[in-house]
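Report on the following structure.
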Amino acid sequence: MALIGAGRIGANHAELIARHTPGAALVAVADPTPSAERLATQLGVDVVELSAERVVARSDVDAVVITTPARSHADLVVEAAAAGKHVFVEKPMAVTLTDADRVIAAARNAQIVLQVGFNRRFAPGWKAARAAIDAGRVGTPQLLRSVTRDPGPFGADPARIPPGTIFLETLIHDFDALCFLNPGAVPTRVTAIADALIRPDAKAAGHLDTAVVTIEFDNGAIAVAEASFSALYGYDVRAEVFGSRGMVTAGDGRCSDMTYYGPDGISVDTARRDTDLLHSAYLGEFAAFVDSIRTETPAVVTGADARTALSIALAAIDSAASGCAVQITDVAVMA
Ligand SMILES: NC(=O)c1ccc[n+]([C@@H]2O[C@H](COP(=O)([O-])OP(=O)(O)OC[C@H]3O[C@@H](n4cnc5c(N)ncnc54)[C@H](O)[C@@H]3O)[C@@H](O)[C@H]2O)c1
């Protein structure tokens, strides 16, 4: 495999592929910045390319893992598919529905495995929740909830965060998780409220760091997704499905099951990074990717799944701006 994009999550994925994914070998890293060289040296990878084009052209590469910024994903997937490479692409797969369709068509025409990085589907709690739903233990889902709170304090420069990031890159995990936990149901209508509660000074320039989104589904279920860019107590991702026969919850920010008892009371340590809290989920998604390639079976998280999550994100952006509920079918027309 080759990695395209040696940034924060690329470094995590490269290490998992190089050292912890049976059946996979990392043979090349591409990034126009010195981070490629650094990462390659650290992992003992010989080939460093400055451009994605060169890595995609290599005959010793069967599959690429794309971890570049969101707006480059669609073109890179199409290019890799045209060269016959299997693709794992980080979310969002694309930022417009037109591009999502282009990616899906390219993967279908090239008959490659295309997997999208919705890692929560591989986290033990979310997998077990889905298994309970599939087994009928929850009954018909009626109320769903999904939460993403990134670890604080928020230190990024708001001016460097592209518009719509809270919907397209953060809440898109929640949108996918809610569809995963409401199997077979189709999202129909979206309402969103968003604000800059963490950096109100940046709101006038379009910065949004806090959001709540409601999603109605065609099976009657109503879901709420919420996100914040700054949870001072750590990385906090959770899900809940309440149905006609019971309820399941998933997610627990604790580092381990250790509880500390001391002079000031009882406390637990919390995970501060997604790569720590969801380590096994990241491992699971690469094991699944390799398995799909080996067995020539479709990816566990498909381009169609990513398109559905994207359509909710685009509807949420529209709703937050207009203050009105947005039909998913209207988003498809706008794209
Ligand atoms: N699944 C998850 O939980 C998760 C977590 C974090 C990030 N992500 C996603 O991963 C993507 C990357 O995020 P990040 O935080 O690692 O970003 P980052 O900015 O840290 O890294 C991106 C890297 O891509 C490189 N790059 C840009 N264009 C390139 C090109 N054409 N060819 C090769 N390299 C190129 C940049 O030089 C940079 O090193 C985003 O889409 C983000 O939403 C997913």
Side-chain angles (χ1 to χ4, degrees), residues 2-16 28-40 42 47-58 61 64-80 85 87-95 99-100 103 115-123 126 146 148-151 155-157 160-177 180 227 229 235-237 251 271-286 288-289 300-301 305-306 309-310 313:
L3 180 93
I4 302 174
R8 187 181 78 83
I9 209 66
N12 175 72
H13 292 2
E15 188 190 349
L16 294 185
V29 174
D31 195 305
T33 71
S35 57
E37 183 82 50
R38 268 199 307 273
L39 184 60
Q42 189 188 322
V47 178
V48 174
E49 301 282 12
L50 293 181
S51 79
E53 295 74 30
R54 293 190 51 163
V55 92
V56 160
R58 296 185 66 92
V61 170
V64 296
V65 173
I66 298 172
T67 50
T68 57
R71 280 154 184 78
S72 60
H73 290 174
D75 285 346
L76 288 171
V77 179
V78 169
E79 188 176 345
K85 311 300 181 192
V87 176
F88 176 99
V89 62
E90 260 308 338
K91 52 76 195 169
M93 178 180 79
V95 297
D99 271 352
V103 167
Q115 184 174 326
V116 184
F118 288 125
N119 53 339
R120 238 168 265 184
R121 289 181 181 231
F122 299 89
W126 276 257
S146 183
T148 300
R149 298 189 190 140
D150 285 335
D157 176 1
R160 295 175 65 95
I161 300 175
T165 292
I166 196 162
F167 300 109
L168 289 167
E169 302 199 43
T170 305
L171 279 160
I172 202 148
H173 275 301
D174 301 275
F175 302 150
D176 179 66
F180 176 63
F229 281 175
Y235 184 56
D236 182 9
V237 289
R272 300 282 151 170
R273 293 188 301 190
D274 53 350
T275 46
D276 291 335
L277 186 68
L278 297 178
H279 178 77
S280 68
Y282 285 115
L283 274 176
E285 64 183 359
F286 289 115
F289 183 49
V300 180
V301 192
D305 295 325
L310 175 63

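Note that ligands are numbered from 1 as they come in the structure, with each ligand's atoms numbered from 1 the same way. All heavy atoms count here, side chains included; hydrogens, waters and symmetry mates do not.
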#### Entry: Aromatic plane relationship, Phe88 with His13 - under 30° parallel, 30 to 60° tilted, over 60° perpendicular
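It falls in the perpendicular class, over 60°.
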### Message
Within the supplied structure, the quantity of interest is the number of heavy atoms (other residues, nucleotides, ligands) at a distance under 6.0 Å from Arg71 CZ; does it exceed 12?
### Response
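Counting other residues, nucleotides and ligands, CZ of Arg71 exceeds 12 neighbours.
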### Task
Determine whether more than 12 heavy atoms belonging to other residues, nucleotides or ligands lie under 6.0 Å from atom CD of Glu15.
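Above 12, so yes.
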Give every pair made of an N or O atom of ligand 1 and a protein N or O atom lying under 3.5 Å apart, one pair per line with both atom names and the distance to 0.1 Å, or write 'none'.
residue  : atom   : partner : partner atom : Å
ligand 1 : 1 (N)  : Glu90   : OE1          : 2.9
ligand 1 : 1 (N)  : Glu90   : OE2          : 3.3
ligand 1 : 1 (N)  : Gly117  : O            : 3.3
ligand 1 : 3 (O)  : His173  : NE2          : 3.2
ligand 1 : 3 (O)  : Tyr282  : OH           : 2.8
ligand 1 : 16 (O) : Arg8    : N            : 3.2
ligand 1 : 16 (O) : Ile9    : N            : 2.8
ligand 1 : 20 (O) : Arg8    : N            : 2.9
ligand 1 : 37 (O) : Asp31   : OD1          : 2.7
ligand 1 : 37 (O) : Asp31   : OD2          : 3.3
ligand 1 : 39 (O) : Asp31   : OD2          : 2.6
ligand 1 : 41 (O) : His73   : NE2          : 3.4
ligand 1 : 41 (O) : Lys91   : O            : 3.0
ligand 1 : 43 (O) : Lys91   : O            : 3.2
ligand 1 : 43 (O) : Lys91   : NZ           : 2.7
ligand 1 : 43 (O) : Glu169  : OE1          : 2.6

#### Entry: N/O donor-acceptor pair under 3.5 Å between Glu37 side chain and Val48 backbone
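Absent.
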### Query
Would you find a donor on one side and an acceptor on the other, under 3.5 Å apart, between the side chain of Thr67 and the backbone of Gly5?
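Yes.
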Tell me which donor-acceptor pairs under 3.5 Å the side chains of residues 168-177 have, and how far apart each pair is, sequence neighbours excluded?
residue : atom : partner : partner atom : Å
Asp174  : OD1  : Arg120  : NH1          : 3.2
Asp174  : OD1  : Ser146  : OG           : 2.5
Asp174  : OD1  : Val147  : N            : 3.3
Asp174  : OD1  : Thr148  : OG1          : 3.0
Asp174  : OD2  : Thr148  : OG1          : 2.6
Asp176  : OD1  : Arg121  : NE           : 3.4
Asp176  : OD1  : Arg121  : NH2          : 2.7
Asp176  : OD2  : Arg121  : NE           : 2.7

